[in-house]
Every structure is written in structure tokens, then in C-alpha cells.
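Have a look at the structure below before the remarks.
Please read all numbers here as calculations on a predicted model, not as lab measurements. Each chain gets a letter, A, B and so on, in the order its sequence line appears, and its residues count up from 1.
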Number of protein chains: 2
Amino acid sequence: MATSNRSTGEALLFLTDEQLRQGIEAMFFAYRGFTADPDRILDKYGYGRAHHRAIHFINCVPGTTVNNLLHILGVTKQSLNRVLRSLIEDGLVEAQVGQKDRRERHLYLTETGQSLEQELSNAQRARMRSAYRDVGADAVSGFRQVLEAMMDPEMKRAYWKLRDNEGTDK
Amino acid sequence: MATSNRSTGEALLFLTDEQLRQGIEAMFFAYRGFTADPDRILDKYGYGRAHHRAIHFINCVPGTTVNNLLHILGVTKQSLNRVLRSLIEDGLVEAQVGQKDRRERHLYLTETGQSLEQELSNAQRARMRSAYRDVGADAVSGFRQVLEAMMDPEMKRAYWKLRDNEGTDK
DNA sequence: TTGGAATGTCAACAACACTGACATAAAATG
DNA sequence: CATTTTATGTCAGTGTTGTTGACATTCCAA
């Protein structure tokens with residue numbers, strides 16, 4: 001606390017309970033902003049955040065199964081099922097019975113579904129892009145590092161797996 | 001823009017839709033980790049995240065009113081009321097009628113409430129501290145900058161106000 | 001073929017957000 | 001001072017989304 005070197009002071013300072021609590025509150029308020037734009041759009045269509053998450057990851061991994069999706073989302077299959085049912089009824093998602101294993105349902109976005117996904121993504125990316133622009137590349141790098149360090153190991157694996165998919169697919 | 005240094009190269013790279021999407025997913029998975037430890041503790045007592053948020057901010061700003069609290073939390077007073085009622089019934093929170101304006105209820109944590117707040121904070125800070133340690137001070141600074149840039153202006157003001165309170169009070 | 005494991009669906013319940021209606025107290029207006 | 005308006009907080013009912021429990025279907029292995 002009584003050090004005169006600022007960076008050493010910070011190295012000690014940012015681990016105080018006070019600094020940690022500010023980080024916690026920053027996460028809380030930022031997540032509100034993070035979900036605000038998609039929430040407004042979803043309201044128009046009578047959907048909620050659960051629908052958004054399902055649409056997002058089906059778009060990421062087309063043909064994924066219900067079982068795989070619920071592991072990514074971290075909810076029970078019963079909870080996911082209700083959301084999927086409404087999306088299928090409304091023609092945004094298509095469920096194809098697996099050819100190898102007919103217990104599985106492979107999920108795809110229809111054109112309508114892709115259209116909504118775009119609308120949601122564009123809104124959320126706009127805020128992210130704006131924030132990134134404001135703070136610069138180094139800050140963004142730190143942001144990503146801290147987020148990854150905060151994940152449960154299991155979630156970290158899911159996160160990497162998604163990144164690998166996209167890296168190799170395209 | 002045509003400079004060859006590293007930060008400019010990243011400045012172009014991290015704004016692609018792909019990079020932005022990864023940031024979005026990182027937020028999603030990290031927030032799960034962020035709430036995981038408190039959620040486990042709250043389960044033991046039959047509480048949920050809503051109770052945690054109320055306890056957290058009552059602890060931050062002792063004597064705050066219901067009206068002030070619901071602005072910070074971004075929920076309706078009816079929603080907050082249900083949570084407060086159970087916390088008061090269980091003896092974790094005390095509501096004192098205002099002396100100047102007797103419509104107001106000033107909220108304080110009881111000793112029991114402070115004890116639970118400590119248990120929750122310690123768990124959440126432990127994860128945050130671990131993440132901060134893993135990545136270093138510079139990354140933490142970037143993390144905080146991006147989070148702040150992602151907040152709605154209104155939330156940013158609430159965030160600053162809380163920081164100012166603590167800075168001047170102590 | 002039969003028993004168990006995996007996958008997905010249907011039903012009921014709990015937490016927590018919301019809107020609407022209302023009681024009380026303060027402030028403004030006549 | 002009486003009345004109206006405004007602010008604060010409470011109670012009741014509804015919808016979304018999470019949960020557990022029970023079940024049908026399909027695959028696989030003994």
C-alpha cells in the first residue's frame with residue numbers, strides 16, 4: 001500500500017477484496033448490457049433467452065444432437081425440450097432423426113431460423129464491437145484471458161471444442 | 001492503419017464476426033463459472049441468485065432504500081419485494097422505516113445476513129482471485145475496461161456510484 | 001431374445017421475472 | 001385545512017425457464 005511504484009502497487013492492489021468485489025460487480029452490470037439487445041429482439045417474437053442460446057449453438061454446430069446441446073447449455077434435457085419444441089413448431093429449427101442412431105435428433109436452423117439468428121447476432125456483435133473499439137486490442141486480449149480463467153474446466157473444454165470446430169470447418 | 005506493428009494487426013483481426021462471436025461465447029461460459037460457487041451455497045439455504053444480489057448490494061450500501069436497490073438490480077419492486085420478504089422473515093435483513101420520509105424502508109444486513117454475505121463473497125472472490133492470478137495485472141486491467149465499455153450508460157453510472165461510495169466512505 | 005443403457009418426450013412443480021391493483025405517506029394544490 | 005397528485009412499498013396473479021419424475025423408443029451386449 002505504501003509502495004511508490006505504481007505497477008507494483010497495482011500488482012498487490014488488484015487482489016484486495018475491494019478490487020475483487022469491483023470485478024464481481026463489473027461482471028454483473030456488464031452481463032446485463034450483454035443480454036439487453038438480444039432480449040429486446042426476442043421479446044418481439046415472444047421468445048426468451050433460452051431460445052436465443054439454443055439458436056446460437058445450433059447455428060454454431062449444425063446437425064448437433066439434443067444431448068450434445070444440453071451439455072453445452074448446461075440445462076436439463078427436459079428444459080431444453082420445451083424450447084426446442086416451440087422453435088420446431090414455429091419453423092425455425094428442423095429436427096432430423098439420425099441415420100446411424102435413430103434415437104438421436106440432429107438439429108438444424110431453417111432459413112427463418114438463420115434469419116433470426118442473424119438479427120440477434122448482429123445486435124450482440126455491435127455492442128461487443130463497440131466495446132472492443134473503445135478499449136483497444138491489448139485490453140481485449142486481457143478480457144478474453146480472464147474470462148477463460150473464470151470458466152469451470154468442463155466449460156473451458158466446451159469453449160475450446162467450439163473454437164476448434166469453426167477453425168477446422170471453414 | 002498501414003503500420004506493421006502487432007497491435008494494429010490485432011486491431012483488424014479481433015473485429016471479425018468470428019472473433020466477436022468467440023467473445024460472446026466466452027462471456028456466456030464465464031458467467032456460468034462466475035455464478036456457480038454462490039449458487040451451490042445458496043442452494044443449501046433454499047435461496048437463489050435473486051437473494052444473493054439483494055444481499056450483495058445491501059451489504060455494499062447499508063441503509064439503502066427498496067427503491068434505490070431495485071434501480072441498481074434492474075428488476076421491478078414487486079420482484080424484489082418477494083425476495084426481501086423472505087430475507088426479513090429469516091432474519092438476514094432488517095428493514096427500518098425512514099425517519100425523515102416514513103414511506104421509505106432502509107435496509108441493513110443482520111449479523112446472520114452478514115455471515116451469509118461473507119460466505120458467498122469469499123467463494124466468489126476465490127474464483128476471481130484465482131483467475132486474476134493466472135493472467136496477471138495487465139490482463140485484469142483490460143478485462144475491467146471491456147466490461148465497463150459493455151455496460152449500458154445507466155448501469156455504468158450505477159457502477160461508478162457504488163465505487164465512489166466505497167471510496168469516500170472508508 | 002432379453003436386460004440394460006442412452007436418447008428424447010410428456011407432466012408437474014419451483015424460482016423469479018413481469019403486470020395490475022392497492023395501501024400508505026408525503027407533497028402539491030385549491 | 002381539505003383534496004388531489006405523486007412516491008413508496010405490498011399483495012395477487014401470470015409467464016418463462018429452470019428442476020425432478022415417469023415413460024417410450026432405440027441401440028447394444030450378454
Side-chain angles (χ1 to χ4, degrees), chain A residues 28 31-32 35-36 38-58 63-90 93-108, chain B residues 28 31-32 35-36 38-58 63-90 93-108:
Chain A
F28 172 70
Y31 200 79
R32 292 258 298 278
T35 55
D39 281 352
R40 271 188 287 274
I41 295 168
L42 290 159
D43 255 10
K44 292 193 305 181
Y45 299 94
Y47 294 135
R49 253 177 234 180
H51 300 84
H52 183 192
R53 292 195 284 264
I55 288 173
H56 178 100
F57 287 107
I58 292 173
T64 188
T65 62
V66 174
N67 199 34
N68 184 30
L69 195 55
L70 63 90
H71 280 118
I72 294 173
L73 295 174
V75 298
T76 57
K77 57 186 178 178
Q78 297 90 329
S79 184
L80 177 58
N81 185 257
R82 189 190 319 107
V83 171
L84 284 178
R85 200 189 318 167
S86 69
L87 289 174
I88 290 170
E89 278 174 5
D90 296 351
V93 168
E94 195 181 5
Q96 293 184 0
V97 175
Q99 295 190 334
K100 263 189 57 179
D101 188 336
R102 283 166 50 197
R103 291 172 302 183
E104 294 178 341
R105 302 284 180 273
H106 296 273
L107 304 168
Y108 301 89
Chain B
F28 172 69
Y31 200 79
R32 292 258 299 278
T35 55
D39 282 352
R40 270 188 288 274
I41 295 168
L42 291 159
D43 256 10
K44 292 193 305 182
Y45 299 93
Y47 294 136
R49 250 176 238 180
H51 299 83
H52 183 193
R53 292 193 285 264
I55 289 173
H56 179 101
F57 286 107
I58 293 172
T64 188
T65 62
V66 174
N67 201 33
N68 184 30
L69 195 55
L70 62 90
H71 279 117
I72 294 174
L73 295 175
V75 298
T76 58
K77 56 186 178 178
Q78 296 92 329
S79 183
L80 176 58
N81 184 258
R82 187 190 328 108
V83 170
L84 283 178
R85 200 190 318 166
S86 68
L87 289 175
I88 291 170
E89 277 173 7
D90 298 351
V93 168
E94 196 180 4
Q96 293 183 1
V97 174
Q99 295 190 334
K100 264 189 57 180
D101 188 334
R102 281 166 49 198
R103 292 173 302 184
E104 294 177 341
R105 303 283 180 276
H106 296 273
L107 303 168
Y108 301 89

*Residues within residues 64-73 of chain B bordering DNA chain D, heavy-atom distance below 4.0 Å*: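 Only B:Thr65, B:Val66, B:Asn67 qualify.
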*Indicate the ring-plane relationship of B:Tyr31 and A:Tyr31, choosing parallel, tilted or perpendicular according to the 30° and 60° boundaries.*
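Parallel, since the angle between the ring planes stays under 30°.
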*asked:* Could you check whether any side-chain heavy atom of B:Asn81 comes within less than 4.5 Å of a side-chain heavy atom of B:Val66, counting everything from C-beta outward?
replied: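 Contact flag for B:Asn81/B:Val66 side chains = no.
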*Is B:His52 close to B:Tyr47 at the side-chain level, that is, under 4.5 Å between some pair of heavy atoms?*
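Counting from C-beta outward, B:Tyr47 and B:His52 never come under 4.5 Å.
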*Donor-acceptor contact below 3.5 Å, side chain B:Arg32 vs main chain A:Leu73*: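 It does hold such a pair.
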Could you grab the distance from atom [atom1] of [X] to atom [atom2] of [Y], nearest 0.5 Å is fine?
| X | Y | atom1 | atom2 | answer |
| --- | --- | --- | --- | --- |
| B:Arg53 | B:Ile72 | CZ | CD1 | 13.0 Å |
| A:Arg103 | A:Thr65 | CZ | OG1 | 11.0 Å |
| B:Leu87 | B:Ile55 | CG | CD1 | 5.0 Å |
| A:Leu80 | A:His51 | CG | NE2 | 10.0 Å |
| A:His106 | A:Gln99 | NE2 | CD | 8.0 Å |

With a cut-off of less than 4.0 Å, is there a side-chain N or O of [X] near OP1 or OP2 of [N]?
| X | N | answer |
| --- | --- | --- |
| A:Thr76 | D:dG18 | no |
| A:His51 | D:dT16 | no |
| A:Arg53 | D:dT17 | no |

*asked:* Of all nucleotides in DNA chain C that come within under 4.0 Å of a heavy atom of chain B, which is furthest toward the 5' end and which toward the 3' end?
replied: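 The contact span of chain B on DNA chain C goes from C:dC16 to C:dA26.
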*Roughly, in whole Å, what's the span from CD in B:Glu89 to C1' in D:dT10?*
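Spelled out: CD on B:Glu89 to C1' on D:dT10 is 13 Å.
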_Rounded interatomic separation in angstrom, taking CG from A:Leu84 and P from D:dT16_ =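 Going from A:Leu84 (CG) to D:dT16 (P), I get 16 Å.
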*Looking only at non-hydrogen atoms, find the nearest pair between A:Ala54 and A:Val83 and report the distance.*
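That closest heavy-atom pairing would be CB-CG1, 4.2 Å.
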*Can you name the residues that form a ring pair (Phe, Tyr, Trp, His ring centres under 6.0 Å) with B:His56, not counting sequence neighbours?*
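For B:His56, no residue satisfies ring pair (Phe, Tyr, Trp, His ring centres under 6.0 Å) once neighbours in sequence are set aside.
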N/O to N/O distances under 3.5 Å, protein versus nucleotides 21-23 of chain D:
unit_1: D:dG21; atom_1: O6; unit_2: A:Gln78; atom_2: NE2; d: 2.9

*asked:* Just to be sure I understand the geometry, which residues of residues 93-105 of chain B put a non-hydrogen atom under 4.0 Å away from DNA chain C?
replied: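 Listed by number, they are B:Asp101, B:Arg102, B:Arg103.
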*Sorted by first residue and then second, give each side-chain hydrogen bond (donor to acceptor under 3.5 Å, both in side chains) pair with at least one member in residues 66-78 of chain A; sequence neighbours left out.*
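As it turns out, the side-chain hydrogen bond (donor to acceptor under 3.5 Å, both in side chains) pairs with a partner in residues 66-78 of chain A, which skip direct neighbours, are A:Thr64-A:Asn68.
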_CA sep, side-chain torsions, deciding dist, call: A:Glu94, A:Leu107, side-chain contact (heavy atoms from CB on, under 4.5 Å)_ = CA-CA 6 Å; A:Glu94 195 181 5; A:Leu107 304 168; over 6 Å; no
*At under 4.0 Å between heavy atoms, what does B:Arg82 touch on the DNA or RNA strands: base, sugar-phosphate, or nothing?*
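Base contact - B:Arg82 has a heavy atom under 4.0 Å of at least one base atom.
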*At under 4.0 Å between heavy atoms, what does B:Arg49 touch on the DNA or RNA strands: base, sugar-phosphate, or nothing?*
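If one applies the 4.0 Å heavy-atom cut-off, B:Arg49 turns out to touch the sugar-phosphate alone, with no base involved.
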